[in-house]
Amino acid sequence: MTHSPTTTAPGADASATPGTPGTPGTPGTDAAVTPDSSVTPGTSVAPGTSVAPGQAPFRPVDRSPAELAALSDLLRAAPARPVHLDGFLPDEQAWALGETVRALPTWEASAVLWNPDRLATRPATPEEWRAAAPEERAAVREVARGIPALFDDGSPYPGEHRARLSDFFVFAGMGTVLREVLDRWTAPGGPLTTNVEFARYRSGDTLGEHSDAESDTLFVLNLYLDPAYRAGDGGVLGFRDEEGREHLMPPRFNSVSVMPIRPGCVHWVTPWRADRVGRHTISIAAVPATPGEVK
């Protein structure tokens, strides 16, 4: 999937920007696209707890020396190796954020089919996707839409969730917390900016094998927020390196996969087998910042 190097301005609608079907190598991914909103920084961590305006309450758990060593090799190891970490956020933050994501009211099926040359994809309805031959199916899952409207006066989205979602956008890109963590983890050699997508899977949803190497994305962080996930539910992120070695990363609750994007590597998501909507994921793409973009 191709990713835009920009962070969406508050109130902008970027729902049709990065990852638009029809772009080479973009069947949709466990990689992020620009959200259809950034929001005004919030102030609350959870009911009854608050922080100063503009300060993100989310902060990743400290990692072990071995984990930090693996992360420091993410952009340089040959062959490429993804990193899968359990316990990304403190437990109470992960549970609260998961509730906020699962409460998002508007989800839209995002289905794409391969063109005959398999170099580009085209949008499809879910019905067209199911009717297509298996080799034509590139990806199908649901993505959150209409996020700007959640912050309008009179929005039915509960205030607790609005505040927490706002806090998350501060953490994930509008503020510096996550960018500074990713810089320490990976030493990218220049400032980063981030793009965010919220996704979930229905039974049978899947993501075909593909590469995002033609995009400007350096790596993708996927935070999994389905507390009901169990082994056997499917939805496993697979990654194959330049030498054909495969790495499988199940979407355990509050775990995070950190996946390099580079030529010769492909990734996919196995079909979601659970008879329920699940595999709620926040995907965050890290891309090089343009001059003046990062404050």
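FYI, the numbering just counts along the sequence from 1.
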Handout entry: Distance, nearest 0.5 Å, that separates CG of Leu104 from CZ of Arg200
Key = 9.0 Å
Handout entry: Worked check of side chain to side chain contact (heavy atoms under 4.5 Å, CB included) between Leu248 and Leu237
Key = CA-CA 6 Å; Leu248 300 178; Leu237 174 63; over 6 Å; no
Exercise for the section: Would you check if Thr270 and Leu207 make a side-chain contact, meaning some heavy-atom pair closer than 4.5 Å? Expected result: no
Handout entry: Qualifying salt bridge (Lys or Arg N to Asp or Glu O under 4.0 Å) pairs with a residue from residues 253-274, counting only residues at least two apart or across chains
Key = Glu242-Arg262
Problem - Beyond-backbone contact of His267 with Glu209, side-chain heavy atoms, under 4.5 angstrom - result: no
Handout entry: Where at least one partner belongs to residues 226-238, residue pairs that pass salt bridge (Lys or Arg N to Asp or Glu O under 4.0 Å), sequence neighbours excluded
Key = Asp226-Arg276, Asp233-Arg276
Exercise for the section: Run the numbers on Cys265 and Phe239 for side chain to side chain contact (heavy atoms under 4.5 Å, CB included), then give the verdict. Expected result: CA-CA 7 Å; Cys265 300; Phe239 178 92; 3.7 Å; yes
Problem - Non-hydrogen side-chain atoms of Ile147 and Phe169 separated by less than 4.5 Å - result: yes
Practice task
State whether the side chain of Thr206 and the backbone N or O of Val269 hold a donor-acceptor pair below 3.5 Å, judged by distance alone.
Solution key: yes
Problem - Qualifying residues under ring pair (Phe, Tyr, Trp, His ring centres under 6.0 Å), relative to Tyr229, sequence neighbours excluded - result: none
Practice task
Supply the atom-to-atom distance Ser72 OG to Trp185 CH2, rounded to the nearest 0.5 angstrom.
Solution key: 12.0 Å
Practice task
Using atom types as modelled and distance alone, determine if a side-chain donor or acceptor of Arg162 lies under 3.5 Å from a backbone N or O of Tyr157.
Solution key: yes
Problem - Nearest heavy atoms of Gln93 and Pro57, plus distance in Å - result: NE2-O, 3.1 Å
Handout entry: Within-4.5 Å side-chain heavy-atom neighbours: Asn254 and Leu89
Key = yes
Problem - Connected via hydrophobic side-chain network under 4.5 Å: Val143 and Val220 - result: no
Practice task
Would you please name every residue forming a side-chain hydrogen bond (donor to acceptor under 3.5 Å, both in side chains) with Thr186, sequence neighbours left out?
Solution key: none
Fill in the blank from the handout: All heavy atoms of Ala138 vs all of Thr121, minimum pair found to be CB-CG2, 4.0 Å
Completion exercise
side chain to side chain contact (heavy atoms under 4.5 Å, CB included) filter on Arg137, not counting sequence neighbours, yields Leu113, Trp129, Ala132
Problem - Which atom of Ala172 lies closest to which atom of Val196, heavy atoms considered - result: CB-CG2, 4.2 Å
Handout entry: Pairwise side-chain contact, Val287 with Leu218, heavy-atom cut-off 4.5 Å (strictly under)
Key = no
Exercise for the section: Answer yes if the side chains of Ser283 and Asn222 hold a donor-acceptor pair under 3.5 Å, and no otherwise. Expected result: yes
Handout entry: Thr125 backbone acceptor or donor facing Glu128 side chain under 3.5 Å
Key = yes
Practice task
Might you point out which heavy atoms bring Ser255 and Pro250 nearest each other, and give the distance in Å?
Solution key: OG-O, 3.9 Å
Practice task
Taking the side chain as every heavy atom from C-beta outward, state whether Phe253 and Trp95 have any pair of such atoms under 4.5 Å apart.
Solution key: yes
Practice task
Determine whether Trp107 and Phe198 make a side-chain contact, defined as any pair of heavy atoms from C-beta on separated by less than 4.5 Å.
Solution key: yes
Problem - Chi angles and distances behind the side chain to side chain contact (heavy atoms under 4.5 Å, CB included) call for Phe168, Leu97 - result: CA-CA 8 Å; Phe168 177 77; Leu97 181 59; 3.8 Å; yes
Handout entry: Ring-face cation contact, Tyr201 with Arg279, 6.0 Å cut, 45° max
Key = yes
Fill in the blank from the handout: Sorted by chain and number, sequence neighbours left out, salt bridge (charged side-chain N to carboxylate O under 4.0 Å, His left out) with Glu136 holds for Arg122
Practice task
State, yes or no, whether a side-chain contact exists between Asp86 and Arg252 at a heavy-atom distance under 4.5 Å.
Solution key: yes
Practice task
Just jot down the side chain to side chain contact (heavy atoms under 4.5 Å, CB included) partners of Arg245, sequence neighbours excluded, or say none.
Solution key: Pro79, Asp241, Glu243, His247
Exercise for the section: Answer with yes or no whether the hydrophobic clustering places Val61 together with Val258; edges join I, L, V, M, F, W, Y residues whose side-chain heavy atoms lie under 4.5 Å apart. Expected result: no
Problem - Donor-acceptor pair, side chain of Thr217 and main chain of Phe219, under 3.5 angstrom - result: no
Handout entry: Thr106 side chain vs Gly146 backbone, donor-acceptor pair below 3.5 Å
Key = no
Handout entry: Cluster link Ile284 to Val177, ILVMFWY, side chain under 4.5 Å
Key = yes
Handout entry: With sequence neighbours excluded, residues passing ring pair (Phe, Tyr, Trp, His ring centres under 6.0 Å) with His84
Key = none
Completion exercise
In short, salt bridge (Lys or Arg N to Asp or Glu O under 4.0 Å) pairs touching residues 91-113 with sequence neighbours left out are Glu108-Arg145
Practice task
Treating Ile, Leu, Val, Met, Phe, Trp and Tyr as nodes and any side-chain heavy-atom pair under 4.5 angstrom as an edge, say whether Val101 and Val277 lie in one connected cluster.
Solution key: no
Exercise for the section: Sequence neighbours left out, what pairs pass salt bridge (Lys or Arg N to Asp or Glu O under 4.0 Å) with at least one residue falling in residues 63-83? Expected result: Arg63-Glu67, Asp73-Arg81
Handout entry: side chain to side chain contact (heavy atoms under 4.5 Å, CB included) involving Pro158 - partner list, sequence neighbours excluded
Key = His161
Problem - Chi angles and distances behind the side chain to side chain contact (heavy atoms under 4.5 Å, CB included) call for Ser166, Phe151 - result: CA-CA 9 Å; Ser166 178; Phe151 300 91; 4.1 Å; yes
Handout entry: Side-chain donor or acceptor of Ser155 paired with backbone N/O of Leu150 under 3.5 Å
Key = yes
Practice task
Not counting sequence neighbours, which residues clear side-chain hydrogen bond (donor to acceptor under 3.5 Å, both in side chains) with Glu246? List them please.
Solution key: Arg240
Practice task
Would you name the heavy atoms of Pro188 and Asp183 that are closest together and state the gap between them?
Solution key: CD-OD1, 3.3 Å
